[in-house]
2 protein chains.
Amino acid sequence: MNGAGKPTINDVAAAAGVSKKTVSRVINKSPLLSASTREKVEGVIRDLGFVPNLQARALALRRNFIIAAIHDNPNAQFLVNVQQGIQQGIAGSEFGLMVQPFDRSDPAFESEVRAFLERQRPFGVVLLPPISSDEAIVALCRETGTRYVRMGSIKMDEAAHVVSSNDREAVRDAVTHLIGKGHRRIALIEGPEGFTSPQERRAGFEEAMAQAGLAVDPALVRPGSYTFESGVAAAECLLALAAPPTAIFASNDEMAIGAMIACRRAGVRIPEDISIVGFDDTPLSSHVWPTLTTVHWPIVDMARTAAQKLMGSEDAAGELPWMFPSTLVERGSVVAPA
Amino acid sequence: MNGAGKPTINDVAAAAGVSKKTVSRVINKSPLLSASTREKVEGVIRDLGFVPNLQARALALRRNFIIAAIHDNPNAQFLVNVQQGIQQGIAGSEFGLMVQPFDRSDPAFESEVRAFLERQRPFGVVLLPPISSDEAIVALCRETGTRYVRMGSIKMDEAAHVVSSNDREAVRDAVTHLIGKGHRRIALIEGPEGFTSPQERRAGFEEAMAQAGLAVDPALVRPGSYTFESGVAAAECLLALAAPPTAIFASNDEMAIGAMIACRRAGVRIPEDISIVGFDDTPLSSHVWPTLTTVHWPIVDMARTAAQKLMGSEDAAGELPWMFPSTLVERGSVVAPA
DNA sequence: GGGTCTTTTGACACCGGTTACCTAATTATT
DNA sequence: AATAATTAGGTAACCGGTGTCAAAAGACCC
């Protein structure tokens with residue numbers, strides 16, 4: 001023990017009467033060690049309360065033990081779910097989770113990301129949508145030798161680098177569910193333009209309508225931006241139509257709840273007068289009244305797997321699933337039209 | 001350049017024709033260097049795109065560049081706000097933010113925290129409530145030599161180790177506001193027992209009532225747990241009373257919104273029949289209808305300052321503010337009683 | 001009992017920086 | 001002009017681990 005401070009590998013080696021390399025072998029569970037030596041060293045490690053210094057290991061191994069989640073300030077619940085999933089994935093390992101937000105609208109966006117990767121040199125990064133579909137950032141990861149996994153709604157890379165959900169099919173199922181209940185005038189509140197997941201959700205909507213032989217009325221497709229306010233605004237437009245819809249599919253829960261509020265303000269009852277379906281299955285969706293029928297988005301599972309893909313070998317990562325099914329959760333906001 | 005990989009301090013030294021120590025001095029902005037040497041070395045650093053290896057620095061300096069936020073899975077919005085504040089605080093520095101959740105109900109809680117601190121050895125930790133009031137964890141920080149800042153609602157340590165809000169006064173103001181509007185039968189929905197912030201909020205409620213010479217009717221004080229559901233349940237009880245309250249103060253927004261839902265289900269109009277005040281000023285509070293009058297909780301500012309306290313010297317930390325005022329935000333859920 | 005093949009272990013350099021200490025050069029002092 | 005005081009910069013050891021490679025210790029065989 002070097003006077004004060006934590007014991008180091010040298011202290012352990014001295015106390016156990018072996019070389020530090022041997023202690024290193026014990027730490028790393030090297031197979032070429034006699035059982036007796038291993039036990040002896042393990043005993044000393046326990047007695048001294050030795051914990052290997054990750055910084056030193058990082059330097060020697062030329063890799064650290066940091067998984068970084070890189071995001072563009074998404075919805076709080078989404079971000080927390082991703083963090084929770086990653087934490088589940090790294091639980092029991094030596095890895096730690098670093099979280100780093102960026103502003104994609106900042107002209108320095110790319111150089112900021114580069115600076116982060118070069119400075120912290122995380123072992124791997126989880127790219128949250130919509131950054132996950134930014135090829136420039138992916139190129140940056142490759143260039144800096146950073147392992148990465150992209151979270152998204154379609155497969156946009158090799159399986160080892162992707163975890164995604166089948167939003168399109170899930171939305172198709174959800175809208176088909178509405179059609180099955182007897183709805184014909186079904187509105188869509190879209191997500192922000194230029195991103196993958198809203199596009200997929202829209203495609204699912206259109207596929208369901210087409211499958212049922214229903215035309216998509218352009219008046220019933222309203223833009224949105226995944227925010228509560230945009231849900232309110234979209235629903236207000238829809239309710240003002242001469243022939244308002246009998247059901248609304250909102251591309252996320254937040255907009256769905258915005259739509260619910262707009263309906264309530266307008267005196268339109270849910271679900272009697274209008275059915276509403278959301279997407280995400282945030283806690284909020286079971287907190288509103290009536291509870292929101294929505295599509296469960298398996299973010300936690302996706303994030304957990306993303307972390308596992310980063311920690312394992314490239315081959316192992318390819319073996320892990322990259323597709324996670326989103327499934328409809330029926331609650332109280334959908335009934336047959338009057 | 002060692003073949004491949006990033007350039008190291010040795011590469012820079014060789015290219016600039018100086019010793020690595022001189023390069024180190026440039027990196028660390030040491031004052032004892034001639035301007036000409038400095039410029040020469042800086043030029044080489046730029047040309048080579050040299051970025052110092054944080055792992056190596058961490059090892060040599062015996063300290064790393066990680067601020068960890070330690071929490072017990074609080075509300076998503078709160079957690080994200082704290083993260084945002086810390087990110088603001090460390091912006092432009094070499095520090096990174098690591099986020100680590102723990103489960104206080106797990107019997108291994110303390111040893112888990114210890115393992116984290118010993119393994120990652122973060123330079124400093126921000127303790128989120130309610131962990132921030134756990135003296136065992138604080139003791140652990142001291143023992144492991146980890147700098148810490150506690151987020152809370154009262155000063156529970158030296159100024160250098162605390163950022164807090166004056167919940168008590170803010171609640172007193174909020175309830176006095178209700179009284180000023182003419183309310184007399186005011187209900188309180190409490191937060192979970194055994195934590196500091198709910199206690200403070202309750203104290204503020206009682207102080208306001210006492211100042212106005214009003215008695216606190218025990219029937220109008222309902223327990224809660226900061227969750228939406230507990231807000232619903234509490235409000236249901238209150239509305240079922242023979243003499244229901246004309247106003248409700250809920251100890252956080254989530255419960256306030258639960259209470260709003262319960263009122264709506266019961267056919268009680270807000271704010272005509274009952275006024276409601278929350279606490280936190282989450283985005284949600286302006287997303288409901290009517291918008292929620294609530295107390296703004298300056299979490300982002302607190303977290304930013306917490307990070308600054310951790311990064312600076314102990315003395316500098318003591319100079320930074322430790323108290324951040326919570327203030328009432330008047331929105332649409334309060335009017336005079338009928 | 002000596003030689004050969006394995007298995008176990010250690011010596012030493014190295015990862016990329018920093019600190020402590022020292023030397024050489026420059027400037028100030030007398 | 002000689003000496004002291006500053007300043008600029010270099011040398012070598014070290015932070016706490018890991019990789020390489022060779023030596024030491026057993027196991028096995030004749």
Side-chain angles (χ1 to χ4, degrees), chain A residues 1-42 44-45 48-66 94 118-121 123 145, chain B residues 1-42 44-45 48-66 94 118-121 123 145:
Chain A
M1 202 84 72
N2 53 24
K6 301 223 139 306
T8 73
I9 198 170
N10 289 306
D11 302 319
V12 175
V18 298
S19 73
K20 57 196 281 199
K21 180 66 212 179
T22 300
V23 179
S24 168
R25 290 198 177 96
V26 173
I27 298 172
N28 292 288
K29 302 199 186 11
S30 159
L32 19 71
L33 255 186
S34 69
S36 61
T37 313
R38 161 166 296 123
E39 279 163 26
K40 181 174 61 180
V41 175
E42 282 176 344
V44 175
I45 289 179
L48 261 51
F50 166 70
V51 180
N53 182 323
L54 272 189
Q55 323 296 334
R57 257 153 86 59
L59 179 59
L61 288 166
R62 277 177 225 73
R63 75 188 203 69
N64 64 18
F65 298 88
I66 295 175
E94 301 177 284
E118 290 185 337
R119 198 180 306 286
Q120 296 293 344
R121 307 189 194 188
F123 179 70
Chain B
M1 201 82 76
N2 53 23
K6 303 222 138 307
T8 73
I9 197 171
N10 289 305
D11 303 319
V12 176
V18 298
S19 73
K20 58 195 281 199
K21 177 63 221 182
T22 300
V23 179
S24 169
R25 289 198 177 96
V26 173
I27 298 173
N28 292 289
K29 303 199 183 11
S30 159
L32 20 70
L33 259 185
S34 70
S36 62
T37 314
R38 162 166 295 122
E39 278 163 27
K40 180 174 62 177
V41 174
E42 281 175 345
V44 174
I45 289 179
L48 262 50
F50 167 69
V51 179
N53 183 325
L54 271 189
Q55 322 297 331
R57 256 153 87 60
L59 179 57
L61 289 166
R62 277 176 224 75
R63 75 186 202 71
N64 63 19
F65 299 88
I66 295 175
E94 300 177 283
E118 291 183 337
R119 198 181 305 286
Q120 297 293 345
R121 308 191 192 185
F123 178 70

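The figures that follow rest on heavy atoms only: side chains count, while hydrogens, waters and symmetry mates do not. So that the names make sense, note that chain A is the first sequence line, chain B the second, and so on, each numbered from 1.
Straight-line distance from the CZ atom of A:R63 to the P atom of D:dG19: 10 Å, rounded to whole Å. Separating the CZ atom of A:R38 from the P atom of C:dT7 is a distance of 15 Å, rounded to the nearest angstrom. Summarising the geometry, the separation between CG on A:N64 and P on C:dG16 is reported as 14 Å, rounded to the nearest angstrom. What separates CG of B:L54 from C1' of C:dC15 is a distance of 15 Å, to the nearest Å. A:K6 has its NZ atom 17 Å from the P atom of D:dC15, to the nearest Å. As a whole-Å value, the separation of A:L59 CG from C:dA13 P is 18 Å. A:L32 has its CG atom 14 Å from the C1' atom of D:dC21, to the nearest Å. The separation between B:N10 atom CG and D:dA12 atom P is 14 Å, rounded to whole Å.
Residue B:S34 has its side chain nearest to D:dG9 when only D:dG9, D:dG10, C:dG10 are considered.
Under 4.0 angstrom from either OP1 or OP2 of C:dT9 there lies at least one side-chain N or O belonging to A:T37. Put simply, A:T8 has no side-chain N or O that comes within less than 4.0 Å of OP1 or OP2 on D:dG16.
B:F50 is linked by a ring-ring contact (aromatic ring centres under 6.0 Å, His included) to nothing, counting only residues two or more places apart in sequence or in another chain. Remark: A:S30 pairs with no residue by the side-chain hydrogen bond (donor to acceptor under 3.5 Å, both in side chains) rule, at least two apart or across chains.
Checking B:R62 against A:N53 by side-chain atom types alone, no donor-acceptor pair falls below 3.5 Å.
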What verdict does the side chain to side chain contact (heavy atoms under 4.5 Å, CB included) test give for A:K40 and A:V18, after you've listed the backbone C-alpha separation in whole Å, the side-chain angles of each residue and the deciding distance to 0.1 Å? CA-CA 10 Å; A:K40 181 174 61 180; A:V18 298; 4.0 Å; yes

Test log, rule side chain to side chain contact (heavy atoms under 4.5 Å, CB included), inputs B:I9 and B:I27: CA-CA 10 Å; B:I9 197 171; B:I27 298 173; 4.1 Å; yes

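Summarising the geometry of B:R38 relative to B:K29, their closest heavy-atom pair is NH2-C, 4.2 Å, with the distance given to 0.1 Å. Contact detail for A:N64 and A:Q120: the closest heavy-atom pair is ND2-O, 3.0 Å.
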If a protein heavy atom is under 4.0 Å from the base, mark B; if only from the sugar-phosphate, S; if neither, -; do that for nucleotides 18-25 of chain C going 5' to 3'. BBB-----

